[in-house]
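Sequence positions, counted from 1, serve as the residue numbers for this chain. Given the structure is predicted, the values throughout are model-derived calculations rather than measurements.
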Amino acid sequence: MIGIVLTLFFYVLALKLKNKFKSPLLNPVLVSVIFLVGIISLSPLTYDTYINGGKFIGEALGPVVVLLALPLYRHREAIKQFFVPIVLGILVSISSSILLIMGLSKIFGLSNELMKTLIPKSITTPMAMEVSKMLGGLSDITVIVVIITGILGATIAPIIMKFGGIKSEIAKGIAIGSSSHGIGTSKAMEMSDEAGAMSGLAMGLTGVIFVLLTSLYVLFI
């Protein structure tokens with residue numbers, strides 16, 4: 001139970017710190033991870049012992065995503081009305097993400113294997129791991145990159161939205177969900193119910209499209 005208890009304790013503590021100081025840098029996932037790393041590093045507790053319980057929280061993320069169906073249902077008319085722009089926005093997000101990784105990998109001289117490891121950084125962890133394996137990347141590193149991407153997205157999204165003068169809750173949700181998956185979606189839900197619903201939709205569609213494109217790539221290339 002120690003892994004579960006520690007994870008929940010530090011996450012609740014991180015939420016309290018965020019609510020008290022109101023800083024976007026105090027992302028609850030990031031802060032709780034820092035606390036956990038500190039405890040594991042400075043105490044007799046080992047990572048193997050922690051993960052025996054901590055892994056169950058990760059495994060619960062899949063079923064919990066079903067809860068996003070409620071805000072999606074509430075905003076189904078908006079989804080029908082803006083379905084084409086939503087899908088186009090997601091496709092642009094996927095394309096720009098892949099091209100950015102390929103370009104930066106070339107600039108910094110990263111290996112082909114590492115490039116393939118980084119490509120699925122913007123989709124939810126279970127799908128990202130499978131995409132990484134299908135491409136021939138390192139799935140363990142992919143998990144770390146996915147988490148970092150989600151935390152960065154959730155942290156800087158409000159700043160980018162404010163700086164860019166983006167008012168549409170639909171646009172906010174699609175941008176966040178298609179680039180920073182579940183962690184970003186939790187931030188979008190804080191912004192508004194509509195942004196959260198659109199972010200959940202974008203997260204799901206981004207993952208599905210990514211897996212389909214990867215399957216076609218592996219099959220034909």
I'd like to check [X] versus [Y] (side-chain heavy atoms, cut-off strictly below 4.5 Å). Are they in contact?
X	Y	result
Val31	Phe10	no
Leu104	Leu118	no
Ile176	Met191	yes
Ile119	Thr214	no
Met198	His75	yes
Ile170	Glu194	yes
Tyr50	Thr7	yes

Review point. Counting N and O atoms only, with roles assigned by atom type, does the side chain of Ser199 sit under 3.5 Å from a partner on the main chain of Gly177, one being a donor and the other an acceptor?
Key: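 Yes: the side chain of Ser199 pairs with the backbone of Gly177.
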Do you reckon [X] sits in the same ILVMFWY cluster as [Y], going by side-chain contacts under 4.5 Å, direct or chained?
X	Y	value
Tyr11	Leu26	no
Leu212	Phe83	yes
Ile90	Leu88	no

From [X] atom [atom1] to [Y] atom [atom2], the distance as rounded to the nearest 0.5 Å:
X	Y	atom1	atom2	value
Ile86	Leu201	CD1	CG	5.5 Å
Phe9	Ile39	CZ	CD1	8.5 Å
Leu36	Leu45	CG	CG	9.0 Å

Which atom of [X] lies closest to which atom of [Y], heavy atoms considered:
X	Y	answer
Val146	Ile123	CG1-O, 3.5 Å
Ile147	Ile183	O-CD1, 3.9 Å
Met203	Gly182	SD-N, 3.1 Å
Ala154	Ser180	N-OG, 4.4 Å
Leu138	Thr117	N-OG1, 2.7 Å
Pro28	Ala14	O-CB, 3.5 Å

Residue pairs passing the side chain to side chain donor-acceptor pair (under 3.5 Å) test where at least one lies in [range], sequence neighbours excluded:
range	answer
residues 103-116	none
residues 30-47	Thr46-Thr49
residues 137-162	Ser132-Thr142

Point to revise | Pairing residues for Val211 by the side-chain contact (heavy atoms from CB on, under 4.5 Å) criterion, not counting sequence neighbours | key: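 Result, side-chain contact (heavy atoms from CB on, under 4.5 Å) vs Val211: Met127, Val131, Ser215.
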Check your understanding: Quick one: side-chain hydrogen bond (donor to acceptor under 3.5 Å, both in side chains) partners of Ser186, sequence neighbours excluded?
Key ->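 Once residues adjacent in sequence are excluded, Ser186 has no partner under the side-chain hydrogen bond (donor to acceptor under 3.5 Å, both in side chains) criterion.
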Practice item. Kindly check if the number of other-residue, nucleotide or ligand heavy atoms within 6.0 Å of CE (Met115) is above 12? Key: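 Enclosed.
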Under 3.5 Å, side-chain donor or acceptor atoms of residues 93-101 against the rest of the protein: list the pairs with distances, not counting sequence neighbours.
| from | atom 1 | to | atom 2 | distance (Å) |
| --- | --- | --- | --- | --- |
| Ser93 | OG | Ser178 | O | 3.2 |
| Ser93 | OG | Ser178 | OG | 3.1 |
| Ser95 | OG | Leu91 | O | 2.8 |
| Ser96 | OG | Val92 | O | 2.9 |
| Ser96 | OG | Ser93 | O | 3.0 |
| Ser97 | OG | Lys121 | NZ | 3.3 |

